[in-house]
Every structure is written in C-alpha cells, then in structure tokens.
Amino acid sequence: MPFTVATWNINSVRLRLDLVQRYLGEHAPDVLCLQETKCPDELFPREAFEALGYGHVAIHGQKGYHGVAVISKLPFGDVVRQTFCGIEHARHLSVRLEVNGRPLRLHNFYVPAGGDEPDPAINDKFKHKLDFIEEMRRVTSFAEPETSAILVGDLNIAPYETDVWSHKQLLKIVSHTPVETEGLLVAMQDGAWADLIRARVPMEEKVYTWWSYRAKDWLAADKGRRLDHIWGSGDLVPRLLGHSILKDARGWDRPSDHVPLSVTLDL
DNA sequence: ATGGTCGGCTCCCGA
C-alpha cells in the first residue's frame with residue numbers, strides 16, 4: 001500500500017493556511033510535516049485540517065518563531081518534543097505510527113538557520129547550528145527495534161555540490177560551508193539514514209527546495225538550494241515508489257520561500 | 001555590486 005509523507009517549511013501556517021489546504025487537496029499526502037509554523041499552540045488551525053480528513057495533528061509551537069507540526073490522516077502515538085542544545089526552541093516533533101502493521105517513527109526537524117557569518121567564534125547563531133547538528137547525530141534510524149524510521153524537515157543545509165546553484169560561490173555562505181555540510185553528512189551516517197530524495201535523483205542533477213525571497217525573478221535566476229530533506233532507514237530504500245518536489249508552489253500567490261516535497265513508499 | 005524580501009503581538013529581529 002503506498003504511503004506518502006511530505007514536508008514543507010510554510011513560514012507562518014496561519015498566513016498561508018490557504019496554500020496548505022490547496023496542497024493537501026491537490027496532492028493528498030498521508031502525512032504532512034510543517035516547519036516555521038510561527039504559531040502558538042492555542043492558535044493552531046487544527047480544525048481546518050480535520051475538515052480535510054487530517055484528523056490527527058501534533059504541534060510543537062511557540063509565539064512568533066520556529067514551530068513544527070505533524071498533520072496526518074493516520075492515527076499516531078508516542079508524541080515526543082525534544083529540545084536541542086538546552087535551548088527551548090520549538091524545532092522538533094516526533095510521532096510513532098503504524099502503516100499496514102509496520103511500525104514507523106517519524107521525526108520532523110527545523111534546524112537553526114545559523115545567521116550570516118559562518119564563524120562560531122563570533123556568531124552565536126552559527127555555533128548553535130553546529131551544536132544542533134552535532135546533537136542530531138544521536139537521532140538514529142535504528143533507535144527502536146523492528147521499527148522503520150523517517151526524518152524530514154528544513155535542515156537548512158544543502159550538503160552536496162548539486163544541492164546549490166553554484167558550489168564555488170556558496171562555499172562561504174551559511175547553508176553550504178564545509179563545516180555544515182560535513183557535519184550533516186556525519187549525522188546522516190551515524191544515524192544510518194539514507195537520503196531518500198538523492199536515492200531517487202542522480203547526484204549529477206541539481207535539486208532545490210528553496211528560492212530566496214530576495215531574488216527579483218526567482219524562476220529566471222533559479223538560484224536555489226536544497227535545504228529540505230527526507231531521510232529514511234535503509235529498509236525503506238527498496239520500498240521507494242516515487243518522489244515529488246513541487247516547484248510550482250514557489251510561484252503560488254504569497255508563497256513560502258520553501259516548496260513542499262514528498263516521497264511515496266510501498267509499505 | 002555585499003544589495004535584495006519576507007513574517008511577526010514589528011519600528012527590530014530572524015530568516
């Protein structure tokens with residue numbers, strides 16, 4: 001049975017509720033993970049998703065900043081909201097669900113962006129980002145026995161050369177510096193995660209999920225980066241049926257600067 | 001050429 005999990009940095013779930021509704025209506029993933037909801041839990045538009053058949057919603061929000069949510073057609077349990085680096089930011093949420101009898105742990109992450117200056121000695125936000133991905137190494141795909149695992153989210157790092165529009169021009173730009181890309185790949189290796197999008201897209205092919213608001217013509221310039229990711233435990237790789245990166249959504253009215261992406265698995 | 005544009009209990013900060 002095909003199971004589709006999607007992830008989208010929505011940059012305010014209340015402002016862009018119509019876009020989320022459109023995405024769910026047109027693409028109907030089984031589970032959608034949101035980041036940057038920027039919404040206190042008591043104001044989260046839960047009912048709007050329930051009305052669309054997404055009766056199971058978990059949120060980890062805070063006022064004004066960050067915030068993650070899991071919106072699901074399928075029931076889930078064992079909701080965990082982890083904090084990282086001892087900092088009380090709403091950047092993680094995980095749930096346990098069962099798809100056709102197969103237990104599945106799903107992690108939803110919003111990794112700190114890291115500011116502009118890629119030097120942890122002078123930029124606390126960059127230090128926080130490096131510490132955060134260091135701590136992510138302990139989030140593994142094999143943590144629970146007999147349980148498959150998926151990790152999605154805005155990881156704010158484009159690890160490979162073909163994950164950015166210009167590798168050379170971005171080497172000193174936060175999101176593509178070697179200390180970040182190497183750190184993220186170590187976290188992926190330590191957790192025995194497989195990059196499910198790169199399992200579908202040849203490494204030679206450029207893939208982006210984010211285009212800056214600042215470009216005057218984002219589509220013509222096409223200076224994107226692959227900041228959003230879907231990782232899975234190794235057992236899921238042979239079960240991959242398809243993937244989608246909805247670049248069109250960047251051109252929707254009042255868009256997020258990130259687009260939704262998903263994988264479909266045969267579970 | 002070091003800009004530019006978003007969103008949020010907004011006149012700055014984080015992205």
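By convention in this document, chain letters (A, B, ...) are assigned in the order of the sequence lines, proteins followed by strands, and residues within each chain are numbered from 1. What you see is a predicted model, and the numbers here were worked out from it, not measured in a lab.
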Sugar-phosphate means primed atoms, P, OP1 and OP2; the rest is base. With that split, encode nucleotides 10-15 of chain B 5' to 3' as B, S or - using protein heavy atoms under 4.0 Å. ----SB
Without placing hydrogens or testing angles, list every side-chain donor-acceptor pair under 3.5 Å for residues 96-113 of chain A, not counting sequence neighbours.
residue	atom	partner	partner atom	Å
A:Arg96	NH1	A:Glu144	OE2	3.1
A:Arg96	NH1	A:Thr147	OG1	3.4
A:Asn100	ND2	A:Leu267	O	2.8
A:Arg102	NH1	A:Ser148	OG	3.2
A:Arg102	NH1	A:Asp235	OD2	3.3
A:Arg105	NE	A:Glu144	OE1	2.9
A:Arg105	NH1	A:Asp78	O	3.1
A:Arg105	NH1	A:Ser94	OG	2.8
A:Arg105	NH2	A:Asp78	OD2	2.6
A:Arg105	NH2	A:Glu144	OE2	3.2
A:His107	ND1	A:His92	NE2	3.1
A:Asn108	OD1	A:Gln35	NE2	2.8
A:Asn108	ND2	A:Leu34	O	3.2
A:Asn108	ND2	A:Ala69	O	2.9
A:Tyr110	OH	A:Glu36	OE1	3.4

Return all side-chain donor-acceptor pairs below 3.5 angstrom for residues 167-175 of chain A, not counting sequence neighbours, or 'none' if the list is empty.
residue	atom	partner	partner atom	Å
A:His167	ND1	A:His176	NE2	2.8
A:Gln169	OE1	A:Ser166	OG	3.3
A:Ser175	OG	A:Arg225	NH1	3.1

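B:dT10 and B:dG14 are spaced 15 Å apart, taking the P atom of each and rounding to whole Å. Look at the C1' atom in both B:dC13 and B:dC9: the space between them is 14 Å, to the nearest Å. Nucleotides B:dG8 and B:dG4 place their P atoms 22 Å apart, quoted to the nearest Å. B:dC11 and B:dG7: their C1' atoms are spaced 14 Å apart (whole Å).
For A:Gln62 and B:dG8, the CD to C1' distance is 12 Å, given to the nearest whole Å. Rounded to an integer number of Å, the gap from A:Lys172 NZ to B:dT2 P is 18 Å. Counting to the nearest Å, the C1' atom of B:dT5 and the CG atom of A:Leu15 are 14 Å from each other. Atom CZ in A:Arg254 sits roughly 12 Å away from atom C1' in B:dT5 (whole-Å rounding). Note: CD (A:Gln169) to P (B:dA1) measures 16 Å, nearest angstrom. Residue A:Ile10 contributes atom CD1, which lies 11 Å from atom P of B:dG7 at whole-angstrom precision. Spacing between atom CG of A:Leu17 and atom P of B:dG7 amounts to 15 Å, rounded to whole angstrom units. Rounded to an integer number of Å, the gap from A:Lys216 NZ to B:dC6 P is 14 Å.
The shortest distance between side-chain heavy atoms of A:Thr162 and A:Met203 falls below 4.5 Å.
Taking Ile, Leu, Val, Met, Phe, Trp and Tyr as hydrophobic and joining them when side-chain heavy atoms fall under 4.5 Å apart, one finds A:Trp210 in a cluster with A:Leu227. Clustering of Ile, Leu, Val, Met, Phe, Trp and Tyr by side-chain heavy atoms under 4.5 Å joins A:Tyr65 with none of the others.
Considering only side-chain N and O atoms, A:Arg14 lies nowhere under 4.0 angstrom from the phosphate OP1 or OP2 of B:dG8.
Among residues two or more places apart in sequence or in another chain, the side chain to side chain donor-acceptor pair (under 3.5 Å) test is passed with A:Asp30 by none.
Ion pair A:Asp195/A:Arg226 flagged as a salt bridge, since at least one NZ, NE, NH1 or NH2 atom sits closer than 4.0 Å to an Asp/Glu carboxylate oxygen.
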